[in-house]
Amino acid sequence: MSDLSNRRILLIDDTPSIHEDFRKILTPTSAQHTELDEMEAALFGSEVKPANLLFELDSAYGGQEGLGKLLQALQENRPYALAFVDMRMPEGWDGAQTIEHLWEKDPLLQVVVCTAYSDYSWDELLERLHAHDRLLILKKPFDNIEVQQMANTLLTKWEMTERASVQMSHLEHLVDQRTAQFKQASEALQREIDERKQLESQLVQSEKLASLGQLAAGVAHEINNPIGFISSNLGALDGYFKQLQDMLDAYREAESAIASSEVIEQLGKLRERVELDFLREDIPLLIKESKEGIGRVGQIVKDLKDFSRVDSNQEWQWTNLHQGIESTLNIVANELKYKADVVKEFQQLPDIECLPSQINQVIMNLIVNASQAIGPERGTITLRTGLEGEKVSIEIADTGSGIEPDNLQKIFDPFYTTKPVGQGTGLGLSLSYGIVKKHQGDISVRSEVGVGTTFRVELPVRQSWPA
Ligand SMILES: Nc1ncnc2c1ncn2[C@@H]1O[C@H](COP(=O)(O)OP(=O)(O)OP(=O)(O)O)[C@@H](O)[C@H]1O
Ligand SMILES: [Mg+2]
């Protein structure tokens, strides 16, 4: 901190002889020096070192000149620590005005006002300069030691003030640093809280799906048996009925051999009453429809099983995603033809390790949903692919109805559907979710009502199998 010491003093007085006096007192030649040392030693003891008495004194003979010197000193970064200012200077500024100007430029300057008499009362002066606590008054004629001690003490005061301000700015800097650290820490904490919340909701979602998956697997298993015997019974029934028809045909032909007209009439009435011709046409149709119905139930059960990952005997293969998208587009082409234009924004992709038929199913579900979300007016479905590091992404964006924020969390639930009965089972997305998770990937959605929806699927290029 020794570099803060400042021995520079400015004397502003219009009387040249005063400058002489100050010079003798504050910058003595060595003879005077010794004399002063002795005086000092007598007064304060021998510890006071002569070096303390060395000052650098500059002279100005009027207020304006003094301000000029002060400004130059500030510019050169060697400010004055102290100014002695004469109160009464008939030309130019008087002492009070001079001090006002000096303090305006350098508030740290210590000031001693020197006067034999003043045009102001002291109170008036202190009031005007707001200087009750920072202005010393030196009355002429003055003692040498008085001047020296004022100079010494005020230079030390300047130095201490300066040191305090350096420490203060150091402290302020520290406080700023700490504040920034706290801010960073609290931001990090907030991020962590947000991440946790998100993880929690993901966990809830996947637990929900897992338990629903188990339920679905159970239901699928239970339903599978009756489906099995119903469809085999229907097959048998179909066969039996054909045989019955053959038999009926034979009876019909045999009718001509019946002699009794009464019996023939009875048979004719009975045939009309039971609408035999209609039955013969309708029964095969009923069996056919029932077969189709049970086939649909079988498909739903299969979807449920896929969703709950019961059957996992497919093969993992390295395949090109674009091929899968193209073949899926071919399958749904009919559905899309009158509803939407398909825009492809494909990037070069490496082959990925996956269960191709399942990934195709995901793509199909998403494209069909996109198409179904588009209203009577023709829309656009944009298919985007990308590669980031070790992950590929597929986005399916539509210009359809969008999804209400409240419903966004429900769309992956099994059986959640907003489509009319018969059109949607509400399994498409839950199935897709299960498939993507099985591939250690992610599926996410962003949507704006009235604008459209974008589903994004991310899949790792390579599967990492548990060791
Ligand atoms: N692209 C989309 N735009 C708007 N809503 C969508 C979109 N995709 C899904 N949804 C909403 O999510 C619901 C669930 O979709 P999901 O595919 O699981 O079932 P679904 O399409 O209703 O029936 P399924 O796919 O079994 O035929 C839909 O009924 C629909 O409300
Ligand atoms: Mg669907």
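Nothing fancy with the numbering, it's 1 onward along the sequence.
The closest donor-acceptor contact from the side chain of His130 to the backbone of Leu126 lies at 3.5 Å or more, if one exists at all. Between the side chain of Ser393 and the main chain of Val457, no donor-acceptor pair closer than 3.5 Å is present. Remark: side-chain polar atoms of Glu335 are not paired, donor with acceptor, to backbone N or O of Val332 under 3.5 angstrom. At distances below 3.5 Å, not a single donor-acceptor pair connects side-chain atoms of Arg384 with backbone N or O atoms of Lys344. Checking side-chain atoms of Lys339 against main-chain N and O of Arg378 turns up no donor-acceptor pair under 3.5 Å. Gln440 places no side-chain N or O within donor-acceptor distance of the main-chain N or O of Gln463, the cut-off being under 3.5 Å. With Asp398 contributing its side chain and Thr453 its backbone, the two residues share a donor-acceptor pair below 3.5 Å. With hydrogens and angles ignored, the 3.5 Å screen pairs a side-chain donor or acceptor of His439 with a backbone N or O of Leu355. Listed for the Asp413 side chain is no donor-acceptor partner under 3.5 Å among the backbone atoms of Tyr416. Between the side chain of Trp103 and the backbone N or O of Leu109 there is at least one donor-acceptor pair closer than 3.5 Å.
For Gln245, the CD atom counts as densely surrounded, since its 6.0 Å shell holds more than 12 non-hydrogen atoms of other residues, nucleotides or ligands. Residue Gln348 qualifies as open at atom CD: its count of foreign heavy atoms under 6.0 Å is 12 or below. Counting non-hydrogen atoms of neighbouring residues, nucleotides and ligands closer than 6.0 angstrom, the CD atom of Glu292 exceeds 12 such neighbours. Atom CZ of Arg462 is surrounded by 12 or fewer heavy atoms from other residues, nucleotides or ligands within 6.0 Å. Counting heavy-atom neighbours within 6.0 Å of Glu404 CD, excluding the residue itself, gives a total of 12 or less. A 6.0 Å sphere centred on CD of Gln177 holds more than 12 heavy atoms belonging to other residues, nucleotides or ligands. The local environment of CD in Glu56 is crowded, with over 12 non-hydrogen atoms from other residues, nucleotides or ligands closer than 6.0 Å. Counting non-hydrogen atoms of other residues, nucleotides and ligands closer than 6.0 Å to CD of Glu262 gives a total of 12 or fewer.
Salt-bridge annotation for Lys183 and Asp176: absent, with no side-chain N of the basic residue lying under 4.0 Å from a carboxylate O of the acidic one. We find that Glu275 and Arg273 are not joined by a salt bridge, their nearest charged nitrogen and carboxylate oxygen being 4.0 Å or further apart. Contact check on Arg456 versus Glu388 returns a salt bridge, with a Lys/Arg side-chain nitrogen under 4.0 Å from an Asp/Glu carboxylate oxygen. A salt bridge between Asp238 and Lys291 is present, with a side-chain N of the basic residue lying under 4.0 Å from a carboxylate O of the acidic one.
Using a 4.5 Å heavy-atom threshold, the side chains of Thr454 and Val445 count as separate. Residues Leu285 and Ile283 are not in side-chain contact: their nearest non-hydrogen atoms beyond the backbone lie 4.5 Å or more apart. Side chains of Phe455 and Leu429 form a contact here, defined as non-hydrogen atoms less than 4.5 Å apart. Taking 4.5 Å as the limit, some side-chain heavy atom of Ile258 sits within range of a side-chain heavy atom of Leu267. With a 4.5 Å cut-off on side-chain heavy atoms, Gln358 and Val436 do not count as touching. Side-chain atoms of Ile367 and Leu329, non-hydrogen and from C-beta on, do get closer than 4.5 Å to each other. Looking only at side-chain heavy atoms (C-beta outward), Phe415 and Leu427 come within less than 4.5 Å of each other. Put simply, the side chain of Glu353 does not reach to within 4.5 Å of the side chain of Val461, judged on heavy atoms.
Closest approach of Asp106 to Pro79, counting heavy atoms only: OD2-CB, 4.2 Å. Taking every heavy atom of both residues into account, Lys105 and Leu74 meet most closely at O-CD1, 3.7 Å. Counting all heavy atoms, side chain and backbone alike, Tyr80 lies closest to Asn6 at C-ND2, 3.8 Å. In plain terms, the two heavy atoms of Gly63 and Trp93 that are nearest each other are C-CE3, 3.5 Å. Between Ser432 and Asn365 the shortest heavy-atom distance is OG-ND2, 3.0 Å. Nearest heavy-atom pair across Pro460 and Ile352 is O-CB, 4.3 Å.
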Discussion item. Under the criterion side-chain contact (heavy atoms from CB on, under 4.5 Å), I'd like the reasoning laid out for Leu10 against Leu82: C-alpha separation, chi angles, the key distance, then a yes or no.
Written reply: CA-CA 6 Å; Leu10 177 63; Leu82 167 63; over 6 Å; no

Item to complete: Carefully, step by step, assess Glu124 and Arg128 under the rule salt bridge (Lys or Arg N to Asp or Glu O under 4.0 Å).
Response: CA-CA 6 Å; Glu124 208 182 329; Arg128 172 173 167 180; over 6 Å; no

Worksheet item: What's the verdict on salt bridge (Lys or Arg N to Asp or Glu O under 4.0 Å) for Asp282 and Lys288, showing C-alpha distance, side-chain angles and the deciding distance?
Response: CA-CA 10 Å; Asp282 204 36; Lys288 185 167 166 265; over 6 Å; no

Item to complete: Could you walk me through whether Glu222 and Val301 pass side-chain contact (heavy atoms from CB on, under 4.5 Å), step by step?
Response: CA-CA 10 Å; Glu222 289 303 317; Val301 168; over 6 Å; no

Worksheet item: Can you list the steps and then say if Ile325 with Leu383 is a side-chain contact (heavy atoms from CB on, under 4.5 Å)?
Response: CA-CA 9 Å; Ile325 298 178; Leu383 304 171; 3.9 Å; yes

Item to complete: Test Leu321 against Ile394 for side-chain contact (heavy atoms from CB on, under 4.5 Å), laying out the working first.
Response: CA-CA 9 Å; Leu321 211 52; Ile394 320 155; 3.5 Å; yes

Discussion item. What verdict does the side chain to side chain donor-acceptor pair (under 3.5 Å) test give for Lys157 and Asn152, after you've listed the backbone C-alpha separation in whole Å, the side-chain angles of each residue and the deciding distance to 0.1 Å?
Written reply: CA-CA 9 Å; Lys157 185 179 165 206; Asn152 261 329; over 6 Å; no

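Of the inter-residue distances, the one linking Tyr240 atom OH with Ile287 atom CD1 reads 11.5 Å to the nearest 0.5 angstrom. With rounding to the nearest 0.5 angstrom, the OG1 atom of Thr380 is 5.5 Å from the CG atom of Asp341. Atom CG of Leu171 is separated from atom OG of Ser165 by 11.0 Å, given to the nearest 0.5 angstrom. Note: Leu459 CG to Ile359 CD1 = 4.5 Å, rounded to the nearest 0.5 Å. Here Arg8 contributes atom CZ and Leu70 contributes atom CG; the two are 9.5 Å apart, rounded to the nearest 0.5 Å. Atom-to-atom distance recorded for Asp442:CG and Lys391:NZ is 6.0 Å, nearest 0.5 angstrom.
Relative to the ring axis of Phe412, Lys410 does not place its NZ or CZ within 45° and under 6.0 Å from the centre.
In summary, of the residues considered (Arg191, Gln190, Lys197), a side-chain hydrogen bond (donor to acceptor under 3.5 Å, both in side chains) with Asp194 occurs for Gln190 alone.
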